[in-house]
Amino acid sequence: MTIRKAAQEDHPSIYHLVWTAFATARVSDGTEQDFVLELRRRDTYRPDLELVAEENGQLIGHILLTPLPVPGAPEGLRGLMAAPLCVRLEDRNRGLGGQLLHEGGRRAAELGYNALFLVGDPEYYGRYGFRNAVSLGFQNASGVPDPFLLARSLNPDGFQEAGGMLNLH
Ligand SMILES: CC(C)(COP(=O)(O)OP(=O)(O)OC[C@H]1O[C@@H](n2cnc3c(N)ncnc32)[C@H](O)[C@@H]1OP(=O)(O)O)[C@@H](O)C(=O)NCCC(=O)NCCS
């Protein structure tokens, strides 16, 4: 299994992967594959932070990290929204979701980003270092219950200062 940058030629396979993976998600609105298309159209889209996991010529996982403005955040906060994340049904529970989060975070830190934010299940993301964003000091403008708004610092010593409005969409 390798994790690499997504190429333009991968886009149709990614659409299919995201669509089928979210069809078996615990929570889905059925539009995550179109959300990927929308994120790619944004000015903030960074192709170097769209990653795929590949094995035997098949795409089996995907993550997209998109720069996220955080109004009112402490000077120096450079955040990314991590969404969506998915792994093909047949390849779950092998740690691939964790590896995509880890590799995305590693590449993001190399590029100067220092925080990841997402809306997701705290039980799952908690195992990969994500914490309740509101408890850390961020404000929730994302229209989801506080427990699902999560943050992870990419600094080894965590958030020194946290704050600002998180509007993930
Ligand atoms: C969520 C997802 C990316 C996890 O991928 P994965 O490669 O199987 O994850 P990992 O191998 O890193 O972790 C698997 C573990 O997390 C657990 N887990 C998976 N989803 C979970 C959830 N929503 N809540 C709590 N635990 C969860 C699994 O039961 C497994 O537990 P175990 O190690 O004790 O057996 C994958 O299930 C998926 O693509 N789901 C559909 C899309 C989706 O829901 N994406 C997340 C949107 S926020």
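Everything quoted here is computed from the prediction, not taken from an experiment.
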Visitor: Please round to the nearest 0.5 Å and tell me the distance separating atom CG of L100 and atom CG of L64.
Guide: 11.5 Å
Visitor: Less than 4.5 Å apart, side chain to side chain, heavy atoms only: is that true for P67 and Y113?
Guide: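 Touching, per the 4.5 Å side-chain cut-off.
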Visitor: Of all the heavy-atom pairs spanning L65 and G105, show the shortest one and how long it is.
Guide: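 Shortest heavy-atom separation between L65 and G105 comes out as CD1-N, 4.4 Å.
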Visitor: Do N155 and N114 have side-chain atoms, one donor and one acceptor, less than 3.5 Å apart?
Guide: no
Visitor: Please say yes or no: joined through hydrophobic side-chain contacts below 4.5 Å, possibly via intermediate residues, are L116 and F35 part of one cluster?
Guide: no
Visitor: Counting C-beta onward and ignoring hydrogens, is there a side-chain heavy-atom pair between L150 and F117 closer than 4.5 Å?
Guide: no
Visitor: How about CD on E55, more than 12 heavy atoms from neighbouring residues, nucleotides or ligands closer than 6.0 Å, or not?
Guide: yes
Visitor: Under a 4.5 Å cut-off applied to non-hydrogen side-chain atoms, are V36 and R40 in contact?
Guide: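 Of all side-chain heavy-atom pairs linking R40 with V36, at least one is under 4.5 Å.
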Visitor: Which atom names give the shortest non-hydrogen contact between L149 and S142, and what distance separates them?
Guide: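 That closest heavy-atom pairing would be CD1-OG, 3.7 Å.
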Visitor: One pair to check against salt bridge (Lys or Arg N to Asp or Glu O under 4.0 Å): R46 and E50. What are the steps and the verdict?
Guide: CA-CA 7 Å; R46 288 197 65 139; E50 179 168 7; over 6 Å; no
Visitor: Any side-chain heavy atom of L49 within less than 4.5 Å of one from R107?
Guide: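 Contact flag for L49/R107 side chains = yes.
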Visitor: Would you say the side chain of D10 lies within less than 4.5 Å of the side chain of K5, judging by non-hydrogen atoms?
Guide: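 Of all side-chain heavy-atom pairs linking D10 with K5, none is under 4.5 Å.
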Visitor: Does any N or O in the side chain of T24 come within less than 3.5 Å of the main-chain N or O of A21, such that one atom is a donor and the other an acceptor?
Guide: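 Yes; at least one donor-acceptor contact below 3.5 Å.
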Visitor: In this structure, are over 12 heavy atoms from other groups packed under 6.0 Å from M1 atom CE?
Guide: yes
Visitor: Counting heavy atoms not belonging to E90, are there more than 12 under 6.0 Å from its CD?
Guide: yes
Visitor: So, the side chain of E9 versus the backbone of A6: is there a donor-acceptor pair under 3.5 Å, distance only?
Guide: no
Visitor: Looking at every heavy atom in both L59 and S13, which two are closest together, and how far apart are they?
Guide: CD1-CB, 3.8 Å
Visitor: Answer with yes or no whether the side chains of H16 and Q33 bring together a donor and an acceptor at under 3.5 Å.
Guide: no
Visitor: Supply the atom-to-atom distance R78 CZ to L111 CG, rounded to the nearest 0.5 angstrom.
Guide: 8.0 Å
Visitor: With a 4.5 Å cut-off on side-chain heavy atoms, are R94 and I60 touching?
Guide: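 With C-beta onward as the side chain, the pair touches.
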Visitor: So, taking the atom named CD1 in I14 and the one named CD in Q8, what distance separates them when rounded to the nearest 0.5 Å?
Guide: 10.5 Å
Visitor: Just checking D43: does its CG atom have more than 12 heavy atoms from other residues, nucleotides or ligands closer to it than 6.0 angstrom?
Guide: no
Visitor: Looking at D121 and R127, is there a salt bridge between them, counting it only when a charged N and a carboxylate O are closer than 4.0 Å?
Guide: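 Salt bridge flag = no for D121 with R127.
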Visitor: Go through the steps for E103 and R106 under the test salt bridge (Lys or Arg N to Asp or Glu O under 4.0 Å), then give the verdict.
Guide: CA-CA 5 Å; E103 182 59 14; R106 194 189 66 75; 2.8 Å; yes
Visitor: Within the structure provided, determine whether V87 and L96 are in side-chain contact (heavy-atom separation under 4.5 Å).
Guide: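 A side-chain contact exists here, since the closest heavy-atom pair is under 4.5 Å.
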Visitor: Once you round to the nearest 0.5 Å, how far does CG of L166 lie from CG of L136?
Guide: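 Here the interatomic distance stands at 10.0 Å.
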Visitor: If I take atom OH from residue Y128 and atom CD from residue Q99, how far apart are they, to the nearest 0.5 angstrom?
Guide: 8.0 Å
Visitor: So, Q58 versus R88: side-chain donor-acceptor pair below 3.5 Å or not?
Guide: yes
Visitor: Is the distance between the ring centroids of F159 and F138 under 6.0 Å?
Guide: yes
Visitor: Do L85 and L17 belong to the same hydrophobic cluster, where Ile, Leu, Val, Met, Phe, Trp and Tyr are linked whenever their side-chain heavy atoms lie under 4.5 Å apart, directly or via other members?
Guide: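 Cluster IDs for L85 and L17 differ.
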Visitor: Are side-chain N/O atoms of R131 and S153 paired as donor and acceptor at under 3.5 Å?
Guide: no
Visitor: Cluster question for you: counting only ILVMFWY and a side-chain heavy-atom cut-off of under 4.5 Å, with indirect links fine, are L77 and L68 together?
Guide: yes
Visitor: Measuring only between side-chain heavy atoms, which start at C-beta, is N167 closer than 4.5 Å to P71?
Guide: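 The answer is no, as the side chains (C-beta and beyond) never meet within the 4.5 Å cut-off.
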Visitor: Spell out, yes or no, whether V52 and I63 are grouped together once hydrophobic residues are joined by side-chain heavy atoms under 4.5 Å, including indirect joins.
Guide: no
Visitor: Compare every heavy atom of M165 with every heavy atom of V70, then report the nearest pair and how far apart it is.
Guide: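 Of all heavy-atom pairs spanning V70 and M165, the closest is CG1-O, 3.6 Å.
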Visitor: How many angstroms lie between atom CZ of F130 and atom CG of L118, to the nearest 0.5 angstrom?
Guide: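 Those atoms lie 4.5 Å apart.
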Visitor: Is there a chain of hydrophobic side chains (I, L, V, M, F, W, Y, each step under 4.5 Å between heavy atoms) that links Y15 to L89?
Guide: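 Each belongs to a different hydrophobic cluster.
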